[in-house]
Undergrad: 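Next up is a structure, given as structure tokens.
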Amino acid sequence: MASQPPPPSPPPAVDARLADLCKELGVDEGVAGEAAAVLKEGKDALLASPSFGSRSPEDVEKLCFAFVLYCASKLKETKVGSGVRLWEILKGCKLKCDDFFKESQQLASKIDQILGSRYGSDWEARLELKQLEILVNLLADASRFYRKAFSELFLSTSTDQEPGSTTSSPDYIRFGWLLFLMLRSKSPELFKDLVSCIHGLVAVLAILLIHMPAKLRSFTIEGSSHLIKQTEKGVDLLASLCHNYHTSEDRLKEMMGKSYKVIEVFFSTKALSASECKTMNLDIIDTDGLMYFKDLVDDEFFQSNLEKLEKLSSTTGCEWELDLKMFLTSNVYILSAENSSGGSANSGFSKRVFETLASPTKTIKNMLAAPSSPSSPANGSSIKIVQMTPVTSAMTTAKWLRDVISSLPDKPSSKLEQFLSSCDTDLTSDVIKRVSIILEAIFPTKSVDRGASIGLNCANAFDIPWAEARKMEASKLYYRVLEAICRAESQNNTVNNLTPLLSNERFHRCLIACSAELVLATHKTVIMMFPAVLESTGLTAFDLSKIIENFVRHEETLPRELKRHLNSLEEQLLESMTWEKGSSLYNSLVVARPSLAPEINSLGLLAEPMPSLDGIVSRQNIHPEGLPPTPSKKRPSAGPDGNCDPQSPKRLCTESRNSLVEHNLQTPPPKQSQTGLSSLKAKHHPLQATFASPTVSNPVSGNEKCAVVGVQIFFSKILKLAAIRIRNLCERLRHEELTVSVYNIFKQILDQQTALFFNRHVDQIILCCLYGVAKVSQLALTFKEIVNNYKREPQCKPEVFRSVFVGSTNRNGGLGSRHVDIIVFYNQVFVPTVKPLLVALMPSGTRPEDKKNTNSQIPGSPKPSPFSNLPDMSPKKVSSSHNVYVSPLRQTKMDVLLSPSSRSFYACIGESTQAFQSPSKDLAAINSRLNYSSRRINTRINFDMVSDSVVAGSLGQQNGGSASSDPAAAFSPLSKKSKTDS
């Protein structure tokens, strides 16, 4: 009889749990199989326990399941709508959106090679995670605004309900939200950003005020503070709502008109002029221009209309992944305050930082000093600060754009034309042409081939009238700030001619990009996110960082919210984006600091040339009819031709940060930075030196290259940012005494070991500096404590301490980056590089050079006994029933073990035997090992370990012999066991 083949082995437990989840969600077999394949390939990387983090293995597994399921559903070639939606995945895994988005970037980086090989190099763009996160933020903000506004205008419960009525306020609030979603789906061109959505919601509130029973209002019209605008015919409803919510009356009327038409078609009903209807709802209201629907919310039709709205769902774009109806009632999509767009749980603290740095009298020394504010991170906030919500911030800035900027001319003013025409050649036509080309690249109004665009193909995403309006706002803002800069530069005694500045291509592009970014930030669009303006204009983060401070300085009417946005943006540029591969910073560094050139070249960090205007025109297929010819390519030496400038790496960045205002940003640090903090003197450099080619001589001094000026200004910004963050972190750790030492080490590294910043985040260097200084200071401060407190900082991102660049590797024949956690980076890279600087911080008498004279005897002191400290090295039995012995450590090991930092080599009492394990579990593990008697231990104890040389060494030490010691024992690298310390 033939033997039967062995039964197939059961799948691993993890794979089985994923399969069960797919069955529970009703996932298509093809998608489920694809998800299982992705998990199988990337299981080791995805499920590996992070070095830092508070998530349990169960939570890590759920996040991995959700991520691979979403990837398989989104990236596998299937029919639209045949996959499983993201909101269903999150619901099945019991995850919140903010948790998923927070970890998805880290999970994607772990298996980027796998995803690239399976789905192509564009997998990240097709995944649309960043767009989804911004959309969730936007709708969460909109739903919060709507709930708050509804509760202000209407009663929460229908206590005065008419007899026989089955409709209550919760039904009405849901009806209004669904009506907004219906308007949004039928007229998507009207809802491109948060400002547009708020106008739509205010229109819905107006419709509800007209149609809902008057008894459900929370106010009476007579003498109401909600409706204060009056006309001869009564209360002006729309004007009053615009006053309350900072909306544009013209835009609201346009939104109302569109809403009437959509409601007519969707509900198959006829709109009547409100002036012809006799209803109590319209008493004392000016009905001119208002429309009324008799059967919209009447009891007879309300439930059927509500059900019709419930059945409507979005089937296009990334919105298909979400259940938009759930935003009103479910907490699944309501993000925590720090993740919501524009909001921050630390905004009170951020405001204090903003105020500190906004003062021109504040120096780095002031920033390092611990403030006495009761809202400091160390003691928590005891003063309630009124905070602006993302919606009120957006509406306030939109009002500024509408009232101040939109009224300006759409071409250079006569004064600006005078500046432009007074140059060596008339630059007016060049400036007008450039604005048209660059803004068309940022806000496309013509369909182009997606693959050919260097920016964002928005022909379908952006409504043409919307894009044209944003281009007009950006161009007017650009002309206004350009004129202000020309006025200021012309009054500078060191500037004799504006031609080098006004003919500098990079300067103009940075100014245009900054104007466009402020317009996008004001409207909070979902479609285009930073650094899209850099990608569209061919600029880099280092380029844009040069103009932000000048932009804020020369636009005096800029709202406070937009100033904070620009400074938050500058933080992103300074902390990491300027240090990325392809940044034009490296082109300046090879000139200013030639010693760094070999490493910059070996890592391939140098920038590519900035694309010409002709190149942008050809790529974007721009045809600006009727405009002057393309600006002349002949430029002075200060132009971009001599500067190899790159396009920005296509990498997205979140905007959730604490603010940084720099009124003295252009303050270069002293050379060699060996003097005190107060030695930083303000030194203003003209803009033409800032934007000139790195190899050009400084037009002011002439004895240094412009690259030196640019690097000095940039380093001074880095130092001020670091000073704030070091002080904040030391406050949280309650070790304010370390602040100055950590800052001094950071400053020396920036000056003497600049390469340590390449391809890294500034906060990674700060964390390592803090840990190293704590070790030198003999403080029992662990990396885990430092990281846990760092997580509470508003700028914290998990990848800062989980993924640190340590070098390039070859992967499948191609170059790739090798990233490790912060502890491995500290061991392998930071300590070997910074050891001499840390040695200099060691207390007197503990440095290696001080130990050379340890054999000297103070005259008159008694001679110590040569046997006073002879160690008892006999092993001692510590268990009556088990062969367990404990021997004292040999002196050579004891010297290392007892140094404050070197304890992290071992899991000592009070330190965990495993990462993230409680002390009770540690003791249980030790007991189980002591009580483990299922096998016999036959190993004999080696009594020969106590040799004569050990005793002699001990005697020699007491008689003046030199002890062997690691010169940098106080900050020696952590061993693998030291991760238990973290």
Side-chain angles (χ1 to χ4, degrees), residues 345-346 348-359 361-383 385 571 575 657-661 669 673 675-680 718-750 762-796 800-801 822 826 830 834 837-838 840-844 900-901 970-971 981-982:
N346 299 278
F349 170 63
S350 299
K351 182 176 181 181
R352 177 172 64 79
V353 175
F354 181 91
E355 299 293 350
T356 300
L357 289 169
S359 171
T361 62
K362 294 293 182 182
T363 63
I364 288 183
K365 189 172 183 179
N366 299 133
M367 297 173 193
L368 291 173
S372 57
S373 169
S375 62
S376 66
N379 53 23
S381 176
S382 61
I383 296 179
I385 300 176
E571 284 197 46
E575 68 186 12
R657 312 284 179 160
N658 67 323
S659 301
L660 172 66
V661 170
S673 60
T675 56
L677 295 175
S678 60
S679 63
L680 291 176
I718 293 289
L719 290 175
K720 288 189 176 183
L721 176 64
I724 292 295
R725 293 189 174 179
I726 290 169
R727 186 197 66 189
N728 294 343
L729 192 53
C730 288
E731 281 182 41
R732 290 197 187 279
L733 290 163
R734 301 184 184 277
H735 284 291
E736 293 88 345
E737 72 279 5
L738 299 180
T739 304
V740 174
S741 296
V742 175
Y743 171 79
N744 286 333
I745 286 291
F746 180 91
K747 184 171 62 173
Q748 292 179 69
I749 293 173
L750 183 64
V762 164
D763 286 358
Q764 292 167 346
I765 309 301
I766 290 176
L767 294 175
C768 289
C769 287
L770 180 54
Y771 185 77
V773 170
K775 287 297 184 182
V776 170
S777 304
Q778 301 183 7
L779 295 178
L781 187 62
T782 66
F783 242 129
K784 183 177 180 181
E785 291 177 80
I786 295 173
V787 169
N788 283 341
N789 281 275
Y790 173 72
K791 288 178 184 178
R792 298 165 59 194
E793 291 293 313
Q795 80 276 3
C796 172
V800 169
F801 48 85
I822 192 76
Y826 177 86
F830 184 83
V834 184
L837 303 179
L838 290 173
L841 288 179
M842 296 174 66
S844 177
S901 64
F971 55 89
D981 176 53
S982 307

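Computed from a prediction, not measured in an experiment: that's the story for all the values here.
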Undergrad: Mind listing the closest non-hydrogen atom pair of Lys791 and Cys796 along with its distance?
TA: CA-SG, 3.5 Å
Undergrad: Looking at OG1 of Thr739 and CG of Asn744, how far apart are the two atoms once the value is rounded to the nearest 0.5 Å?
TA: 11.0 Å
Undergrad: Roughly how far apart are Leu750 CG and Tyr743 OH, rounded to 0.5 Å?
TA: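 Going from the CG atom of Leu750 to the OH atom of Tyr743 covers 9.0 Å.
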Undergrad: Looking at CD of Glu737 and CG of Leu779, how far apart are the two atoms once the value is rounded to the nearest 0.5 Å?
TA: 6.0 Å
Undergrad: Please give me the minimum heavy-atom distance between Leu781 and Tyr771, naming the atom from each residue.
TA: O-CE1, 3.4 Å
Undergrad: Checking Leu733 against Leu738 for the side chain to side chain contact (heavy atoms under 4.5 Å, CB included) test, could you report, in this order, the C-alpha distance in whole Å, the side-chain angles of both residues, the deciding distance, and whether it holds?
TA: CA-CA 10 Å; Leu733 290 163; Leu738 299 180; over 6 Å; no
Undergrad: For Phe830, which residues count as a ring-ring contact (aromatic ring centres under 6.0 Å, His included) partner, sequence neighbours excluded?
TA: Tyr826
Undergrad: Any side-chain heavy-atom pair from Arg725 and Glu571 closer than 4.5 angstrom?
TA: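 Side chain of Arg725 against side chain of Glu571, heavy atoms only: contact under 4.5 Å found.
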Undergrad: Under the criterion side-chain contact (heavy atoms from CB on, under 4.5 Å), which of Leu721, Ile745, Ile726 is the partner of Ile766?
TA: Ile726
Undergrad: Compare all side-chain heavy atoms of Phe801 with those of Ile786 and state whether any distance is below 4.5 angstrom.
TA: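 Sidechains of Ile786 and Phe801: no contact.
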Undergrad: Measure the spacing between SG of Cys730 and NE2 of His735 and express it to the nearest 0.5 Å.
TA: 9.0 Å
Undergrad: How far does OG of Ser777 sit from CG of Leu838, to the nearest 0.5 angstrom?
TA: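 Interatomic distance, Ser777 OG to Leu838 CG, rounded to 0.5 Å: 10.0 Å.
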Undergrad: Distance from Asp763 atom CG to Leu729 atom CG, nearest 0.5 Å?
TA: 8.5 Å
Undergrad: Is any side-chain heavy atom of Tyr790 closer than 4.5 Å to a side-chain heavy atom of Val800?
TA: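 Result yes, sub-4.5 Å side-chain heavy-atom pair found.
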